[in-house]
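The chains referred to below are lettered A, B, ... by the order of the sequence lines, with proteins before strands, and numbering in each begins at 1.
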Protein chains: 2
Amino acid sequence: MTTNLHNAPHKKKPVEQMLTEHGIFVTTQRRIIAETLFSRNQHITADQLLDLVNKNGGRVSKATIYNTLGLFAEKGLVREIHINASKTFYDSNASRHHHFFNVDTGDLIDMKERLVPLFLQSDLPDGTVMETADVVIRVRNQAP
Amino acid sequence: MTTNLHNAPHKKKPVEQMLTEHGIFVTTQRRIIAETLFSRNQHITADQLLDLVNKNGGRVSKATIYNTLGLFAEKGLVREIHINASKTFYDSNASRHHHFFNVDTGDLIDMKERLVPLFLQSDLPDGTVMETADVVIRVRNQAP
DNA sequence: GAATATTTTAGACTTAGTCTAAATCTAAAA
DNA sequence: TTTTAGATTTAGACTAAGTCTAAAATATTC
């Protein structure tokens, strides 16, 4: 599975500042996870990130990867993307955008924000507020 | 987890006709699965459907539930909804609509079609055609 | 430094979903 | 009717993403 990210790379603010600004206590493990995760815009799974971190000299457990990704998601640093039941993708670009998923190739491609639908508060179910809007357009290769 | 479905109930076309029209060969198991699934509009998981079918006197295996749901989805009779990584929901209403998901209550609520975004073919990645558009708006209960 | 709280860890555990290979069913040919 | 080939169903083994647990490590407060 490849990913195609057309957005600009993450601005290189020190990850420690990034974490602190989001109310996340910095630890050794969180620093190396964040450095690996935010080194570029990417769609990555927990196990891919685990491999990547430990290939970069880290020594981080599976449980910590899951805990940390959950924490980062909760704090708005990453976005969870649910393409299918079998895996969660984490998007290191948490800004407002959505995705095309090519079912033929497995590519996950960023969608420009202008294509995002408009939702009015009044359209939401009574007594609720919007938290996130997730749009996934499944595409397939055009028949030749 | 409850579901809130505001759409009209499925029209009561005989399920056999429904299956045949979608190019699905009718078998005993497929008939009872379809009867259970399409008895009303619902968001249901494979294991819930398995229970329901076998409580209704059916004798259908887990593998057949999965195979059949996959077949129905492929033929456009049901829609798969991916809310989180842990479970796939099957929507017995396959018509064009989308969903609100209340993270506080677990409610999955239908969204009227008018809220669906417009996508132009020219906006899609080169060489691809749209297959499905999945929109899930996560909402939470308004603070009191 | 002692006591307490937070974080990390290995590895057991859960479970949604897939796979396999045998058994059963169906339709059509002979 | 019997044969045959292909499609379907099945039990149960299997896979793997993600969670849980209880202990160890680390940080903070008293």
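For the residue pair B:I109 and A:P125, the shortest heavy atom distance occurs at CD1-CG, 3.9 Å. Among all heavy-atom pairs drawn from B:L50 and B:V60, the shortest one is CD1-O, 3.3 Å.
Not a single donor-acceptor pair under 3.5 Å links the side chain of A:Q17 to the backbone N or O of A:P14. The backbone N or O of A:R30 sits nowhere less than 3.5 Å from a side-chain atom of A:T68 that would complete a donor-acceptor pair. Of the possible donor and acceptor atoms, one in the side chain of B:S92 sits under 3.5 Å from a partner among the backbone N and O of B:R40.
Rounded to whole Å, the distance from CD on B:E74 to P on D:dT8 is 11 Å. Atom CZ in B:F89 sits roughly 12 Å away from atom C1' in C:dA16 (whole-Å rounding). Atom CG of B:N67 and atom P of C:dT24 are 18 Å apart (whole Å). Atom CD1 of A:I24 is separated from atom P of C:dT6 by 16 Å (rounded to the nearest Å). If you measure from atom CG of B:L71 to atom C1' of D:dA7, you get 12 Å, rounded to the nearest angstrom. As rounded to whole Å, 18 Å separates atom P of D:dT8 from atom CD1 of B:I32. In this structure, B:N84 atom CG and C:dT15 atom P are separated by 15 Å, rounded to whole Å. When rounded to the nearest whole Å, the span between CG of B:L50 and C1' of D:dA11 equals 13 Å.
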For every nucleotide of nucleotides 15-30 of chain D, 5' to 3': is a protein heavy atom under 4.0 Å from its base (B), only from its sugar-phosphate (S), or from neither (-)? --SBBB------SS--
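Residues B:V26 and B:I24 fall within the same hydrophobic cluster, defined by Ile, Leu, Val, Met, Phe, Trp and Tyr side chains chained together at heavy-atom separations under 4.5 Å. No chain of hydrophobic side-chain contacts below 4.5 Å, direct or via other Ile, Leu, Val, Met, Phe, Trp or Tyr residues, connects A:Y66 to A:F38.
In this structure, CG in A:D110 is found 4.0 Å from NE2 in A:H43, a value given to the nearest 0.5 Å.
Ranked by how close their nearest DNA chain C nucleotide is to the 5' end, A:T27 and B:T27 are led by A:T27.
Residue A:S61 has a polar side-chain atom (N or O) positioned under 4.0 Å from OP1 or OP2 of C:dT9. Using a 4.0 Å cut-off, no side-chain N or O of B:Q29 falls inside it from OP1 or OP2 of C:dC25. Residue A:R30 has a polar side-chain atom (N or O) positioned under 4.0 Å from OP1 or OP2 of C:dT8.
Axis angle across the helix from C:dG1-D:dC30 to C:dA30-D:dT1, with five pairs used at each end and values rounded to 10°: 10°.
Residue A:T64 is in base contact, counting any heavy-atom pair closer than 4.0 Å across all strands shown.
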Going through the checks in order, is the side chain to side chain contact (heavy atoms under 4.5 Å, CB included) test met by A:I81 and A:F101? CA-CA 11 Å; A:I81 311 171; A:F101 179 68; over 6 Å; no
